[in-house]
Amino acid sequence: MATSIERSPGRSTLRYVRLMLLVVPLLLVVAIVIYGIANQRIEDSLSSYYLGPARDLFVAMLVTTGVLLVVYTGEELEDFALNLAGFYAMFVAVVPTRLGETLADLPVGEQRRLIFSVQVSVIAVLVVSVVFIWLGIRTSNAPHRALFQSNLTKILGLLSTLLLIAFVLLLLWRTIEGRQFAGVHASAAFLLIFSMGIAIASHLDHRPLCSMDTSGGKKTHYAILLMLMLLGLIAWPILLALGIEEALFIVEWFEIGLFAYFWYLESRRLWNLAD
């Protein structure tokens with residue numbers, strides 16, 4: 001007979017949110033494999049598929065992942081970091097990489113339509129984000145208390161907030177400017193990884209980072225994940241220097257694989273955890 005934990009709608013919902021964060025990237029994996037077999041090539045970056053036949057799945061995967069990251073509720077510091085990661089994922093999705101190069105190959109009319117499309121998407125995400133923050137404050141669910149747990153959380157919270165403000169200012173400037181959205185995609189991708197890093201770090205040691213131990217006895221696993229994430233970022237310029245055109249593609253999928261393993265760990269740790 002199923003226990004009350006097994007029958008809990010809230011517990012089941014969180015289970016499947018975590019599982020979806022594992023499964024959703026498979027949509028793009030399958031599309032890229034089919035595209036690669038049919039064309040006998042892969043693009044030089046994951047986001048290059050924005051302008052190809054996998055565009056719909058690319059955008060859908062990242063937007064869905066962003067929403068799931070925001071919806072998922074963990075301990076306060078983790079929740080704060082995942083909310084930021086979900087926010088940045090939206091802009092990795094809606095602002096194409098190397099937009100300037102794409103625009104240069106389009107007629108003037110199509111250039112304007114593409115820029116307007118990106119402007120509308122950016123404004124829509126910003127407006128919804130403001131509404132979400134307002135609702136969080138009104139319902140007292142904003143994870144602001146996590147930022148005052150220790151000196152370390154204060155530093156991470158302040159740094160994350162300053163980076164968020166800088167990114168939003170860059171976003172507003174590029175949206176008003178209405179040209180190439182230079183730097184937006186790369187910044188969003190970096191900040192997404194940075195925020196996920198904070199979320200993973202919150203499981204390392206509960207004393208300075210979390211009010212309770214959330215490592216599930218696997219602190220070493222979380223530590224290795226963080227080191228591998230850092231090594232992936234370091235490997236990117238090295239691969240480029242070696243002349244590997246698919247360097248960014250390799251690093252992106254390496255990081256996605258690490259994220260997937262993180263959600264696997266979380267699913268295992270929390271699957272039957274009592275409320």
Side-chain angles (χ1 to χ4, degrees), residues 18 21-22 25 28-29 44-47 62 65-66 69 72 74-75 77-89 91-93 97 146-147 149-164 166-167 170 183-210 213-269:
R18 288 188 290 269
L21 282 162
L22 276 169
L28 193 58
V29 172
D44 57 2
S45 77
L46 180 61
S47 48
L62 281 170
T65 299
L69 288 172
Y72 181 78
E75 292 300 314
L77 179 62
E78 180 185 29
D79 197 33
F80 174 74
L82 292 180
N83 284 343
L84 290 178
F87 175 77
Y88 295 129
F91 296 103
V92 175
T97 184
L147 308 183
Q149 174 156 321
S150 67
N151 289 332
L152 182 55
T153 56
K154 289 176 183 177
I155 292 171
L156 290 175
L158 178 61
L159 180 58
S160 296
T161 301
L162 291 176
L163 289 173
L164 174 63
F167 177 75
L170 170 65
V184 171
H185 183 94
S187 298
F190 171 81
L191 291 170
L192 167 60
I193 296 172
F194 176 78
S195 299
M196 282 297 301
I198 292 177
I200 294 172
S202 71
H203 296 275
L204 293 178
D205 191 333
H206 68 280
R207 287 182 293 276
L209 291 171
C210 187
D213 187 357
T214 58
S215 68
K218 298 183 181 295
K219 292 180 182 178
T220 302
H221 288 209
Y222 292 108
I224 291 173
L225 276 176
L226 277 177
M227 288 189 293
L228 289 176
M229 286 175 64
L230 178 59
L231 288 175
L233 293 177
I234 294 173
W236 179 19
I238 295 175
L239 293 174
L240 285 176
L242 293 174
I244 300 176
E245 294 182 359
E246 297 82 9
L248 181 55
F249 183 87
I250 294 170
V251 170
E252 285 173 329
W253 276 110
F254 178 71
E255 298 289 350
I256 288 173
L258 295 177
F259 294 162
Y261 184 66
F262 168 71
W263 291 113
Y264 165 76
L265 286 178
E266 288 299 274
S267 296
R268 287 284 303 271
R269 181 175 70 88

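Owing to the predicted nature of the structure, the values given are computational and were not obtained by experimental measurement. Values below: every heavy atom of this structure, side chains too, minus hydrogens, waters and symmetry copies.
- Taking OG1 from Thr65 and CG from Leu62, the interatomic distance works out to 6.0 Å, rounded to the nearest 0.5 Å.
- Between atom CG of residue Leu84 and atom CG of residue Asp79 there is a gap of 10.0 Å, rounded to the nearest 0.5 Å.
- Ring pair Phe259/Trp253: centre-to-centre distance not below 6.0 Å.
- Using a 4.5 Å cut-off on side-chain heavy atoms (C-beta onward), Tyr88 and Phe194 make no contact.
- Here the shortest heavy-atom pairing between Val92 and Ala189 reads CG2-N, 3.6 Å.
- No side-chain heavy atom of His221 sits less than 4.5 Å from a side-chain heavy atom of Leu225.
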Point to revise | From CA spacing to verdict: side-chain contact (heavy atoms from CB on, under 4.5 Å), Leu192, Glu255 | key: CA-CA 11 Å; Leu192 167 60; Glu255 298 289 350; over 6 Å; no
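- Between Trp263 and Met196 the shortest heavy-atom distance is NE1-CE, 4.2 Å.
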**Study point:** Test side-chain contact (heavy atoms from CB on, under 4.5 Å) applied to Thr161 and Phe80, step by step
**Key:** CA-CA 10 Å; Thr161 301; Phe80 174 74; 4.2 Å; yes
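- In this structure, the side chains of Glu266 and His203 come closer than 4.5 Å at one or more pairs of heavy atoms.
- By the 4.5 Å heavy-atom criterion applied to side chains, Phe87 and Leu164 are counted as neighbours.
- Residues Ser267 and Arg18 share a closest heavy-atom pair of OG-CB, 3.4 Å.
- Asn83 has its side chain out of reach of Leu69: every pair of non-hydrogen atoms, C-beta onward, lies at least 4.5 Å apart.
- The shortest distance between side-chain heavy atoms of Thr220 and Ile224 falls below 4.5 Å.
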Exercise for review: Apply the test side-chain contact (heavy atoms from CB on, under 4.5 Å) to residues Ile200 and Leu258: give CA-CA distance (whole Å), side-chain angles for both, the deciding distance (0.1 Å), then the verdict.
Suggested key: CA-CA 10 Å; Ile200 294 172; Leu258 295 177; over 6 Å; no
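- Counting all heavy atoms, side chain and backbone alike, Arg269 lies closest to Tyr222 at NE-OH, 3.8 Å.
- Of all the heavy atoms in Leu170 and Ser187, the pair that sits closest is CD2-OG, 3.8 Å.
- Atom-to-atom distance recorded for Leu152:CG and Leu77:CG is 8.0 Å, nearest 0.5 angstrom.
- Between the side chain of Ser202 and the backbone N or O of Ala199 there is at least one donor-acceptor pair closer than 3.5 Å.
- The side-chain heavy atoms of Phe254 and Met229, taken from C-beta on, include no pair separated by under 4.5 Å.
- The shortest non-hydrogen separation linking Ile198 to Ser160 is CD1-OG, 3.3 Å.
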